[in-house]
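Written out below as structure tokens is the structure these notes cover.
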Amino acid sequence: MTTEQAPVFEYDASAIGVEVEVGSAEILPDRVAQYLVATGETNPLYTDEAAAAAGPHGGLTVPPGILQTLSIAGGPTAKVKFGNTAFHSGQRMEVLGQIRPGDTIHVSSDVKEVYAKTGRTGTMVFEVRRNRFRNQHGDVVAVSEQAMVHRQTAPREA
Amino acid sequence: MEQRYFEDVEPGDEFSLPWRPDRAQVVAFRAAGNPETAERPDRFTDDEAAKQIGMPKAIVPGAFALCMATRVVTDWMGAYGTLHSIDVDFRRPMLHEDALNILALVTDTLEDGGRPTVKLDVYFENERGERPVQGTALVELPRKL
């Protein structure tokens, strides 16, 4: 009989669920233009003022994905100590409202959870950070989650 | 832009968009967030920096992939559709100049609290037969009057 051992990892549990303001950004027209170029967006809701005015939102809106480009530095971290490498393993976005050109978006973040999974390739420790995006009226327009995975990889042979 | 209606959608419906990401697109994507650091040489813009972390060439930011998947879904649903959520897992790196195909597959249509809702799988395929990105989306569509 074998006993499966729980993976050993350390993190700062006091960071879980503690929301911190991490900054704000104005949705400037030139930034929106860059986003539309990058993604090849041609949706008239984002690009055609007259068509957007006649549409469901009564004016131009901005693709929610632009929130993913905002530089969010210095946010909370659970300081996971596990393995020798970390990478971005997943991203989730819940869209709750419209973003307009010229909006000011305030971002707050917390560490949602830290958990481990053990599979074929070994143990991975996930740290999920959650960002809330509020506009200048205080409305939450989106919530996103970014998962980072920490794992041990074998050293490379020289 | 074509409007999609709930009554016209069935599980198994599929749609796609080819995408060949390049450095200029990645720089533009980063410039939308911060023009000052958009061209900074790192694993997302510079082949040599990417090679230092074991990649054959520069890679595409995961957030960019989420945004492209979002575009595919919002183009499909039309102006009066509502994207409620989208999520993606990154299974393998996407390299600059990869010949990607972004696909979406309707997996369910349901009444969610009276709201006509469509569930989708979204995934990317590359020319090496891999699926570097896999995820799901939840969309609400209008009904025909």
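Not measured: the values here are computed from a predicted model. Numbered from 1 within each chain, the chains take letters A, B, ... in sequence-line order.
With rounding to the nearest 0.5 angstrom, the OG1 atom of Thr42(A) is 5.5 Å from the CG atom of Asp75(B). Annotation: the span from Phe87(A) atom CZ to Ile53(B) atom CD1 amounts to 11.0 Å, rounded to 0.5 Å. If you take CZ on Phe64(B) and CD on Gln91(A), they are separated by 14.0 Å, rounding to the nearest 0.5 Å. Taken to the nearest 0.5 Å, the NE2 atom of His88(A) stands 11.0 Å off from the CD1 atom of Ile59(B).
Cluster membership check: Val37(A) does not share its hydrophobic cluster with Tyr46(A), using side-chain heavy-atom separations under 4.5 Å among Ile, Leu, Val, Met, Phe, Trp and Tyr. Under the 4.5 Å side-chain heavy-atom criterion for Ile, Leu, Val, Met, Phe, Trp and Tyr, Val80(A) and Met124(A) are members of distinct hydrophobic clusters. Using a 4.5 Å cut-off between side-chain heavy atoms of Ile, Leu, Val, Met, Phe, Trp and Tyr, with links allowed through other members, Ile66(A) and Val27(B) fall into different hydrophobic clusters. Hydrophobic cluster membership is shared by Val22(A) and Ile27(A), with clusters built from Ile, Leu, Val, Met, Phe, Trp and Tyr side chains linked at under 4.5 angstrom. No single ILVMFWY cluster, assembled from side-chain heavy atoms under 4.5 Å apart, contains both Leu120(B) and Leu138(B).
Ranked by non-hydrogen atom pairs under 4.5 Å with chain A, the options Ala31(B), Ala24(B), Ala63(B), Gly62(B) are led by Ala31(B). Of the residues considered (Glu41(A), Gln68(A), Glu145(A)), Glu41(A) shows the highest number of contacts with chain B, using heavy-atom pairs under 4.5 Å. Counting heavy-atom pairs closer than 4.5 Å to chain B, the top-ranked of the candidates Pro64(A), Gly65(A), Gly40(A), Ala33(A) is Gly40(A). Most heavy-atom pairs under 4.5 Å with chain A, from the set Ala79(B), Ala137(B), Gly78(B): that is Ala79(B).
Within the 4.5 Å cutoff, the side chain of Phe90(B) has no heavy atoms near those of the Ser89(A) side chain. The side-chain heavy atoms of Pro35(B) and Gln34(A), taken from C-beta on, include no pair separated by under 4.5 Å. Side-chain contact between Val95(A) and His84(B) is absent, with no heavy atoms from C-beta onward closer than 4.5 Å.
Residue contact with chain A, scored on non-hydrogen atoms closer than 4.5 Å, is absent for Thr136(B).
The two residues Ala32(B) and Thr69(A) come nearest to each other via the heavy atoms C-OG1, 3.6 Å.
In this structure, the side chain of Arg71(B) engages the main chain of Thr39(A) through a donor-acceptor pair within 3.5 Å.
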Under the side chain to side chain contact (heavy atoms under 4.5 Å, CB included) criterion, do Met1(B) and Asn43(A) qualify, and how do the steps go? CA-CA 7 Å; Met1(B) 168 179 267; Asn43(A) 189 326; 3.2 Å; yes

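A side-chain contact (heavy atoms from CB on, under 4.5 Å) with Met93(A) holds for exactly one of Leu66(B), Val88(B), Asp87(B); it is Leu66(B).
Under the 30°/60° scheme for interplanar angles, the aromatic rings of Tyr35(A) and Phe29(B) are found to be tilted.
Counting heavy-atom neighbours within 6.0 Å of Glu49(A) CD, excluding the residue itself, gives a total of 12 or less. Enclosure of atom CZ in Arg134(A) by more than 12 non-hydrogen atoms of other residues, nucleotides or ligands within 6.0 angstrom is indicated. Within a 6.0 Å radius of CD in Glu36(B), no more than 12 heavy atoms belonging to other residues, nucleotides or ligands are found.
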